[in-house]
Protein chains: 2
Amino acid sequence: MGRVRIVDVARRAGVSSATVSRVLANKPYVRPELRQRVLAAAQELGYRPSRVARTLRTQRARIIGLLISDIENPFFTSLVRAVEDVAYAHDYAVFLCNTDENPEKEQLYLDLMVAERVTGVLISPTREQGVDCQGLQQAQIPLVAVDRRLRDRRVDTVVVDNVGGARRLVEHLLDDGYREIGAILPPPTITSGRERYQGLWEALHHRGLEPRSAWIRTGPPVQAEGYRLAREILGRHPRPQALFVGNNLLTMGALRAIRDLGLSIPGDVALVAFDDMDWMALVNPGLTVMAQPTYELGRAAAELLLRRLEDPDRPVEEVLLTPELRIRQSCAPHLGAGRPRGEVRASGQG
Amino acid sequence: MGRVRIVDVARRAGVSSATVSRVLANKPYVRPELRQRVLAAAQELGYRPSRVARTLRTQRARIIGLLISDIENPFFTSLVRAVEDVAYAHDYAVFLCNTDENPEKEQLYLDLMVAERVTGVLISPTREQGVDCQGLQQAQIPLVAVDRRLRDRRVDTVVVDNVGGARRLVEHLLDDGYREIGAILPPPTITSGRERYQGLWEALHHRGLEPRSAWIRTGPPVQAEGYRLAREILGRHPRPQALFVGNNLLTMGALRAIRDLGLSIPGDVALVAFDDMDWMALVNPGLTVMAQPTYELGRAAAELLLRRLEDPDRPVEEVLLTPELRIRQSCAPHLGAGRPRGEVRASGQG
DNA sequence: ACTGGAGCTGAAATCGATTTCAGTCGATTT
DNA sequence: AAATCGACTGAAATCGATTTCAGCTCCAGT
């Protein structure tokens, strides 16, 4: 029961509530004997301090704000679960906000975080810059960016190696003989989008190829956009032999488009994608993907925040996690070497 | 900013904080003129009352506890999102707890709800009975069951028509000519599992058939169990021509098993399942499913709770939502009518 | 022996709201 | 003219913790 108040413990231990508070907060200046008595009394009564009263007095709630785009996206679901696990273990509550990729909603919630005086904030920002963190700074509320970076390099950050991951994925396409490669990516205003494009570029360039802009499209990471862009790219003549999709929702949209266009994978078009989800092993063919360690991402971010809270002056840290290539069947060795590859760029139209 | 306190508003309006409180709570006994002044002052200062202080004084936090089995299950994700939307709109926060289908964890969290003095609790119980709600009752914290029922009929409940849905789904199999039907279901200790079995039974019985117990297995609604049970059923001789799977995670497991066994759908075995998920339309063949209105489920539950809070004496209500049959390709007309159907039961071995 | 300081303790202030209670004012009743 | 009542208002108590501040004891240093 939560009925027991601090004065009840104090009475039972024969001390004042001040002493009880000191003992429970592990503060010095309490005789060991009293400390024992208080601890015993608290134990016996099953005392649990009221967070509400504590928060009112200290002006700081044990709450971690978590701003993500959408909890219905399994990528974030797993991340959220990790944050909650860590938070609960340290007696923090989590205040979850869905920004829906909408900067205004994001700002609204950020202001709310200040008003609610949360202890710290984890954010997967809708864009790299323009996010107003003045309020947080003034209120001395630490911020950790997760999954996507912020322009401001003074914030702790946890991200995956998007450049390397994308590069590896595209290299896998190249190794299988594909040269005419299209891509659907999140926009460059989101760091993960830009970095994945960078990885694509590096992979191609390393083999003396150039990205074909007519086959490369970017858009908000939502399913509808993936569908639209895939239809656009695959409706062109000529169309690419392979597609690199840079986000799980875009992938789902692209798959729908490919189905509706009556194309087969990997025969008509090969596919590699960023992010793995349970079902991607079950579709036919299974998708070759770069799996992100989503749970780890959330865990690392939450732990980074807690460390920052413990020591506000520690140097800014950036954690870089490595994604994992999972090879399935959506990309098989391609036999088309008869055609002169040197013309790929020359025949470009965009 | 949240810097403005009630006394600031009071000072600005030239009244006491008591009057401000009365105005903002819409209580009587305030001169209309003062009311206006207070409202104006509050508006100008952008006053937002501190929930912390309010909670301490009223001994009631504006928090809705939400106990589900696992936020990583998309079924619940959507439900959670609905609850949060409704809650936020009414200035409630949501306290989310993952029970992981573990009754002990569930009980722990229920006790925590009491300790935290939440306003109300939404629960998708791990089992029908044995859930100890004494604490909640004593603390007068209302409870709403969602997705699954509780034995105690005095609690408000929001569920889908599991019997009807399962029956409709199995009838669809029967209409396509299948007679030898296996099933993988959640256990009868969970009401949805029992009800879906009931639906199966009704559908069969209505056509003069009996369920074949050798082909019917139940287990905790997790993927691994779906895999295990599907292998078990499909490894038998003879094996059923069709499978009815009663839960999304079980379905995912079953699909893996079918793949690993090298069976094709619907050629070797047809499949219908409860619950729809985005990817079920994308696998090949697309799955014929009974889609549950998950968002609606959450919304209805949250709203029911709010209504109960407004009027604690209103009669207990049960909301029954209707699932929707989505026909895809995992179950096609079956041609095997040459075989005498009357022997189906006679040839049973379990 | 006196001073200073460290160790320890509890009374009381504090956080920001709600709510009780006592009281004022003006109109109506007796 | 006094009593009564209803409408209205604000001072102060209250929720349960933390923290300040003042005071006490005891011991070391001069």
Side-chain angles (χ1 to χ4, degrees), chain A residues 1-39 41-42 45-63 91-93 114-119 139-140, chain B residues 1-39 41-42 45-63 91 93 114-119 139:
Chain A
M1 295 275 275
R3 293 256 49 120
V4 188
R5 279 136 42 243
I6 195 171
V7 289
D8 300 324
V9 178
R11 194 142 34 219
R12 175 136 188 163
V15 297
S16 75
S17 65
T19 299
V20 175
S21 176
R22 273 188 278 259
V23 171
L24 267 32
N26 246 316
K27 294 227 171 129
Y29 304 133
V30 179
R31 236 165 50 222
E33 181 217 334
L34 282 196
R35 199 172 281 274
Q36 282 311 315
R37 284 223 312 262
V38 169
L39 254 22
L45 296 174
Y47 170 67
R48 288 183 53 104
S50 148
R51 326 168 138 253
V52 175
R54 170 186 293 169
T55 302
L56 179 59
R57 174 60 228 235
T58 60
Q59 296 290 2
R60 196 124 279 200
R62 284 183 82 88
I63 294 180
D91 198 28
Y92 279 86
V114 178
E116 290 276 332
R117 302 241 190 340
V118 301
T119 322
Q140 307 239 46
Chain B
M1 297 279 275
R3 297 253 52 118
V4 188
R5 280 133 46 241
I6 194 171
V7 289
D8 299 324
V9 177
R11 199 150 19 229
R12 174 136 187 162
V15 298
S16 75
S17 64
T19 299
V20 175
S21 177
R22 271 189 278 258
V23 170
L24 267 32
N26 247 317
K27 296 226 169 131
Y29 303 133
V30 180
R31 236 164 48 222
E33 180 215 336
L34 282 195
R35 198 172 283 271
Q36 282 312 313
R37 284 223 309 265
V38 168
L39 253 24
L45 297 174
Y47 171 67
R48 287 184 52 106
S50 147
R51 346 164 126 246
V52 175
R54 172 186 292 168
T55 301
L56 179 59
R57 173 62 229 230
T58 60
Q59 295 293 333
R60 197 120 275 202
R62 284 181 81 88
I63 295 180
D91 197 29
V114 178
E116 290 277 332
R117 304 237 189 344
V118 302
T119 324

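So you know, we letter chains A, B, ... as the sequences are listed, proteins then strands, and number each from 1.
Put simply, chain A comes within 4.0 Å of DNA chain C, heavy atom to any atom, from C:dG7 to C:dG16, going 5' to 3'.
The minimum heavy-atom distance between A:Ala53 and A:Ser50, with the atom names listed, is N-OG, 3.0 Å. The minimum heavy-atom distance between B:Tyr47 and B:Val4, with the atom names listed, is CD1-O, 3.5 Å.
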With a cut-off of 3.5 Å and sequence neighbours excluded, list every side-chain donor-acceptor pair involving residues 12-20 of chain B.
from	atom 1	to	atom 2	distance (Å)
B:Arg12	NE	B:Glu44	OE1	2.8
B:Arg12	NH2	B:Glu44	OE1	2.5
B:Ser16	OG	B:Ala18	N	3.3
B:Ser16	OG	B:Thr19	N	3.4

Side chains of residues 21-33 of chain A: which donor-acceptor partners sit under 3.5 Å, not counting sequence neighbours?
from	atom 1	to	atom 2	distance (Å)
A:Arg31	NH2	A:Glu33	OE1	3.3
A:Glu33	OE2	A:Arg37	NH1	3.1

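Here the CZ-CG distance, from B:Arg57 to A:Leu56, works out to 13.0 Å after rounding to the nearest 0.5 Å.
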Nucleotides 6-10 of chain D: which of its N/O atoms have a protein N/O under 3.5 Å away?
from	atom 1	to	atom 2	distance (Å)
D:dT9	OP1	B:Arg31	NH1	2.7
D:dT9	OP2	B:Arg31	N	2.7
D:dG10	OP2	B:Ser16	N	3.2
D:dG10	OP2	B:Thr19	OG1	2.7
D:dG10	N7	B:Arg22	NH2	2.7
D:dG10	O6	B:Arg22	NH1	3.4
D:dG10	O6	B:Arg22	NH2	3.4

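Within residues 50-63 of chain B, the residues that place at least one heavy atom under 4.0 Å from DNA chain D are, in residue-number order, B:Leu56, B:Arg57, B:Gln59.
Across the helix from C:dA1-D:dT30 to C:dT30-D:dA1, the helix axis at one end is tilted relative to the axis at the other end by 60° (nearest 10 degrees, each axis from five pairs).
Side-chain N or O atoms of A:Arg51 include one that pairs as donor or acceptor with a backbone N or O of A:Asp91 at under 3.5 Å.
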Do A:Arg5 and A:Asp8 pass the side chain to side chain contact (heavy atoms under 4.5 Å, CB included) test, and can you show the C-alpha distance, the side-chain angles, and the key distance before you say yes or no? CA-CA 5 Å; A:Arg5 279 136 42 243; A:Asp8 300 324; 3.4 Å; yes
